[in-house]
Novice: 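Below you'll find the structure I mean.
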Protein chains: 2
Amino acid sequence: MTPSQTAVRPDDAPEPTYTGPVEDYLKTIYELERATGTATTTDIAHRLAIAPASVTGMVRRLADQRLLKHEPYRGVRLTQAGQRVALRTLRRHRVIETFLARVLGYPWDAVHDEAERLEHAASDELVDRMATALDEPTVDPHGAPIPSRDGTVNDRRYASIADLPLGQRARLVCVSDDDPARLRYLAELGLTPGALVVVLARAPFEGPLSIRVGDPGRAADHAIGPALARALLVEPS
Amino acid sequence: MTPSQTAVRPDDAPEPTYTGPVEDYLKTIYELERATGTATTTDIAHRLAIAPASVTGMVRRLADQRLLKHEPYRGVRLTQAGQRVALRTLRRHRVIETFLARVLGYPWDAVHDEAERLEHAASDELVDRMATALDEPTVDPHGAPIPSRDGTVNDRRYASIADLPLGQRARLVCVSDDDPARLRYLAELGLTPGALVVVLARAPFEGPLSIRVGDPGRAADHAIGPALARALLVEPS
DNA sequence: GTGGCGATTTAGCCTAAACTAATTATCATC
DNA sequence: GATGATAATTAGTTTAGGCTAAATCGCCAC
């Protein structure tokens, strides 16, 4: 296990199964916690398109099951057990996405929704077989890291293209996967994981970025808005 | 459409989605109806491992949605709409089973349980992509016919090996898929769809059958009980 | 025809997970 | 330190789909 990994597997009890909603909550909380430190009721509600009051109710049930700690009016923190379930769900989701894209020819903007439903029905056995068939992939079609069978994940943090110094060459690592239309747009621009990008110019006051996409010789220039820019993670190269 | 097919597709409205339990009821009722003419409360309850009273409740809801007709104390009959949903679910189940076995190397005794969960989460799009990847299979790993995209199915009826005249050569067409242990046992005996079988002798009073399995030269003789025999469908050849 | 028994339905209850409306806590600002 | 604005929680309701216990139906045997 390299330093940039998080281990989440203390004991190995038979690991109960959880309902779809429970897995969705834990997955979402995990992602929010990773992005912003703690997950708040409203954030969770917003992500899951659910009323805040419903979130409070579910959070209480999850706390009863020791999957998270809840400090009323403050926020929520996954326990080890909760993280374990979240990572397992995330692994399922991302392995399934990768399988749909690579084996069944799904376009990358369609894999998310299908995986969102399948992840709650697929057994670990199935997901592991898919992973084997794919030669143990480490990232999904959007570049997000796939947790391993034993619950470790590459949690390295990348800068967004919005923060990249002018002229710095970088590789696109990861794009957010939740909006099909945005994904189609990104594909049109050649902005898929692995693409070479350079920021040519940045307009002041949260204006658009002018960027060059693609390997030398076949590069194209585009302007992208700041919101989109923040959703593109890069690694300088 | 050949004479031995049943069409079930009058109009083409957007076809709502149904919950897992609803699909399971309709699928089960379809199979019971096909096997015995009508489906009774207790039969349904037994197949789904649910209390009879719960079945009555669900049957009322399904009748409200015009998916079936219920004659109280008598039994239940699917409507066209109900059959359509049942056949779509059956198609999903069987395509998924076939995919798991052929693409992911699942043993044939394990595909049923996995498909049972996935069939409620998979979209028609996914199932159709699987079917395409498999070159439009017409039977699942147990030999059961796969309904086509447009809702037609080969509903030809086969005799069971229990009814085969002594000495009559036949091909095994279909085995029941619900008991993994039985499936493992059948595989050991070479009793998989397509196998050549002959009944050598039949003990009286519902006794065991003596059968020969396999192509000439590599055939083996076995004795099978009458209950098992009734679960093996054959086509004389 | 009447009894009885198994099959079926009714009645009433439970849980998970959602909702709305009303209440309460936190925090930034004055 | 008081005051709103915003966020969060409580209270009460809803729906789907289960359950048990009790009542009722259908039918076969006498």
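Labels below follow one simple rule: chain letters A, B, ... track the order of the sequence lines, proteins then strands, and each chain is numbered from 1.
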Novice: Output all residues satisfying side chain to side chain contact (heavy atoms under 4.5 Å, CB included) with Val173(A), sequence neighbours left out; order by chain, then residue number.
Specialist: Tyr158(A), Glu235(A)
Novice: To the nearest angstrom, how far is Leu48(A) atom CG from dA16(C) atom C1'?
Specialist: 16 Å
Novice: Could you walk me through whether Arg94(A) and Val139(A) pass side-chain contact (heavy atoms from CB on, under 4.5 Å), step by step?
Specialist: CA-CA 8 Å; Arg94(A) 291 176 181 166; Val139(A) 294; over 6 Å; no
Novice: So, using ring-ring contact (aromatic ring centres under 6.0 Å, His included) as the criterion, who are the partners of His120(A) when residues are at least two apart?
Specialist: none
Novice: Just the rounded figure in Å: distance from C1' of dA17(C) to CG of Leu62(A).
Specialist: 11 Å
Novice: Which letter, B, S or -, goes with each nucleotide of nucleotides 10-23 of chain D from 5' to 3', with contact meaning a protein heavy atom under 4.0 Å?
Specialist: B------BSBBB--
Novice: Rounding to an integer number of Å, can you tell me how far Ile44(A) CD1 sits from dA18(C) P?
Specialist: 12 Å
Novice: Remember a base hit wins even if backbone is also touched, and classify His46(A) as base, sugar-phosphate or nothing at under 4.0 Å, heavy atoms.
Specialist: nothing
Novice: Name all residues meeting the side chain to side chain donor-acceptor pair (under 3.5 Å) criterion together with Arg47(A); count only those two or more places apart in sequence or in a different chain, and write none if there are none.
Specialist: Glu31(A)
Novice: List the residues meeting side chain to side chain contact (heavy atoms under 4.5 Å, CB included) with Ala115(A), not counting sequence neighbours, and say none if there are none.
Specialist: His93(A), Ile96(A), Glu97(A)
Novice: Strictly by salt bridge (Lys or Arg N to Asp or Glu O under 4.0 Å), give each pair with a member in residues 68-80 of chain B just once, sequence neighbours left out.
Specialist: Glu33(B)-Arg77(B)
Novice: Using a cut-off of less than 4.0 Å, is there contact between a side-chain N or O of Thr41(A) and OP1 or OP2 of dT9(D)?
Specialist: yes
